[in-house]
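Comments concern the structure below.
Because the structure is predicted, anything quoted here is derived from the model rather than measured. Heavy atoms only: backbone and side chains are in, while hydrogens, waters and symmetry mates are out.
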Amino acid sequence: MRECYLLRPKLSVCVVYICVTHGQNTDSYAPRFTRTYQENPPGYPARLVICCNGGELQPIRKKFFDGLDCEFLNRSNDEGKDISGYQTIAAVTDAQFMVCLGESIQIRHPGWLTRVVEARLQYGPGIYGFFSSHAIRAHLNTTGFAVDTDFFRKYPPVTNHPQRYEFEHGPGCLWQRIYKSSGAAMLVTSDGEYGPGRWREGRNIMHRGDQSNCLLWSHHCERYANGTEATRKSWQFS
């Protein structure tokens, strides 16, 4: 069936999903990503790349992505985890806008990509997050985010695990670099967009309510949903 796109293509987009080749969660995460991607079509044309961190997938795991119009990029090392994988693709893609999805991501809303592209076309080049947190310091969680590729290319190479967290919420993290250069830094939910200082204002966002306004879910959302009442109360403002 041909997908009915809600927007005419005005921005070239590459969606990158991280698959950990020898990961302990791959057998559950990858099939779920495929299923939810098919159940909730993006609504906007995009090139879908499965970034295999750790080398080529075994045939049985490659079949997890059957039914998706996708291509595979194999990385023999995994030094900077998901971020270095995105950087590898940013260096070679001709897409203007990259959507970066970690291995635990599941899609929750049809038209989710259209929603993010609409925000990008409204607010301009920058970074657009699906999740936000004030833990450690305010940041857009890099478990799932979208960013103009040119900004990504300017960030120094991430070559180890500590640098991965510096990229996310360190003093010189990506979103702060973008914002200081007059780029947008927006949280995008199913019913709103929120700039810096307002990232925890929305209802039913990550770690708040039933999290139903999150366009995507990650393992952070699952831990909250399955947590105790005390855990949910302590996390909802963080």
Side-chain angles (χ1 to χ4, degrees), residues 13-40 42 46-95 97-108 112-113 127 129-131 133 139-147 149 151-170 173-175 206 216-223:
V13 178
C14 179
V15 175
V16 183
Y17 173 73
I18 297 293
C19 182
V20 181
T21 303
H22 304 291
Q24 61 182 357
N25 296 312
T26 304
D27 291 344
S28 58
Y29 284 161
R32 184 179 66 186
F33 171 78
T34 296
R35 174 178 55 80
T36 59
Y37 196 97
Q38 292 171 321
E39 291 173 349
N40 300 282
R47 177 183 179 186
L48 175 60
V49 178
I50 310 302
C51 182
C52 304
N53 274 1
E56 185 174 359
L57 289 171
Q58 296 177 341
I60 192 171
R61 284 186 161 179
K62 198 169 186 179
K63 285 181 67 65
F64 291 154
F65 301 98
D66 283 357
L68 293 182
D69 182 9
C70 64
E71 55 196 280
F72 296 85
L73 183 143
N74 303 319
R75 300 181 65 246
S76 59
N77 55 53
D78 190 17
E79 70 285 352
K81 306 297 180 181
D82 50 349
I83 304 304
S84 59
Y86 303 140
Q87 288 184 314
T88 297
I89 294 174
V92 298
T93 186
D94 59 0
F97 197 56
M98 285 180 58
V99 181
C100 303
L101 307 179
E103 66 168 349
S104 71
I105 288 293
Q106 53 180 297
I107 313 299
R108 302 289 288 194
W112 60 276
L113 184 54
I127 183 170
F130 299 101
F131 315 110
S133 175
H139 63 280
L140 297 169
N141 299 64
T142 55
T143 307
F145 66 103
V147 64
T149 310
F151 285 125
F152 216 151
R153 294 188 182 116
K154 294 174 183 177
Y155 193 90
V158 174
T159 60
N160 56 55
H161 202 56
Q163 288 177 352
R164 184 245 179 267
Y165 287 104
E166 173 69 22
F167 174 94
E168 181 177 51
H169 50 57
C173 64
L174 180 65
W175 87 258
M206 186 182 78
L216 315 175
W217 269 31
S218 74
H219 64 290
H220 298 297
C221 299
E222 291 183 278
R223 288 175 60 198

_Heavy-atom check, side chain of L68 versus side chain of Q38, under 4.5 Å_ = yes

*Can you tell me how far the CD1 atom of I127 sits from the NE2 atom of H139, to the nearest 0.5 Å?*
10.5 Å

_Any donor-acceptor N/O pair, T26 side chain to V20 backbone, under 3.5 Å_ = yes

*Whether over 12 other heavy atoms sit under 6.0 Å from E222 CD*: yes

*Rounded to the nearest 0.5 Å, what's the gap from CD on Q106 to CG on L101? Could you check?*
12.0 Å

*Report yes or no: does T36 contribute a side-chain atom to a donor-acceptor pair with the main-chain N or O of R32 at less than 3.5 Å?*
yes

*Validation row: I18, Y86 side chains within 4.5 angstrom (heavy atoms)*: yes

*Which atom pair, heavy atoms only, marks the closest approach of W175 to L140?*
CD1-N, 4.3 Å

*Output yes when a side-chain donor or acceptor of T21 lies under 3.5 Å from a complementary backbone atom of N53, and no otherwise.*
yes

*asked:* With heavy-atom distances below 4.5 Å as the criterion, would you say the side chains of C19 and L57 are in contact?
replied: yes

*Tell me, which pairs form a salt bridge (charged side-chain N to carboxylate O under 4.0 Å, His left out) where one or both residues lie in residues 18-30, sequence neighbours left out?*
D27-R61

*Got a sec, which residues hit salt bridge (Lys or Arg N to Asp or Glu O under 4.0 Å) with K62, two or more places apart in sequence or on another chain?*
none

*asked:* Give me the atom names and distance for the closest heavy-atom approach of R153 to T93.
replied: NH2-O, 2.7 Å

*Indicate yes or no for a side-chain donor-acceptor contact from Y17 to the backbone of C51 under 3.5 Å, with no hydrogens or angles considered.*
no

_ring pair (Phe, Tyr, Trp, His ring centres under 6.0 Å) partners of F167, counting only residues at least two apart_ = F152, Y155

*Output the distance between atom CG (L48) and atom SG (C14), rounded to the nearest 0.5 Å.*
8.0 Å

*Closest approach of A46 to L113 (non-hydrogen atoms, all atoms of both residues)*: CB-CD2, 3.6 Å

_According to ring pair (Phe, Tyr, Trp, His ring centres under 6.0 Å), who are the partners of F130, at least two apart in sequence or on a separate chain?_
none

*State, yes or no, whether a side-chain contact exists between T34 and K63 at a heavy-atom distance under 4.5 Å.*
no

*salt bridge (Lys or Arg N to Asp or Glu O under 4.0 Å) partners of R223, counting only residues at least two apart*: none

*asked:* Taking atom CD as the centre, does Q24 end up with more than 12 heavy-atom neighbours from other residues, nucleotides or ligands that are less than 6.0 angstrom away?
replied: no

*Provide the closest heavy-atom pair for R75 versus S84 in the form atom of the first, atom of the second, distance.*
NH2-OG, 3.2 Å

*Less than 4.5 Å apart, any side-chain heavy atom of D82 and any of R164?*
yes

_Rounded distance [0.5 Å steps], CZ in R108 versus SG in C221_ = 8.0 Å

*asked:* For D69, give me all partners under salt bridge (Lys or Arg N to Asp or Glu O under 4.0 Å), at least two apart in sequence or on another chain.
replied: none

*asked:* Using side-chain heavy atoms (C-beta onward) and a distance below 4.5 Å, is F65 in contact with F72?
replied: yes

_Once you measure the plane-to-plane angle for Y37 and F33, does it fall in the parallel (<30°), tilted (30-60°) or perpendicular (>60°) bin?_
tilted

*asked:* Quiz question: by atom type and distance under 3.5 Å, do the side chains of E168 and T142 form a donor-acceptor pair?
replied: yes

_Nearest atoms (heavy-atom pairs only) where I105 meets G144_ = CD1-CA, 4.3 Å

*From N141 CG over to H220 NE2, what is the distance, rounded to the nearest 0.5 angstrom?*
6.0 Å

*asked:* With a 3.5 Å distance limit and no angle check, can you tell me whether W112 reaches the backbone of N40 through a side-chain donor-acceptor pair?
replied: yes

_Minimum heavy-atom distance A95-V13, with the two atoms named_ = CB-C, 3.9 Å

*About how many Å separate CD of E103 and CG of N25, when rounded to the nearest 0.5 Å?*
5.5 Å

*Could you tell me whether Q58 atom CD has more than 12 heavy atoms of other residues or ligands within 6.0 Å of it?*
no

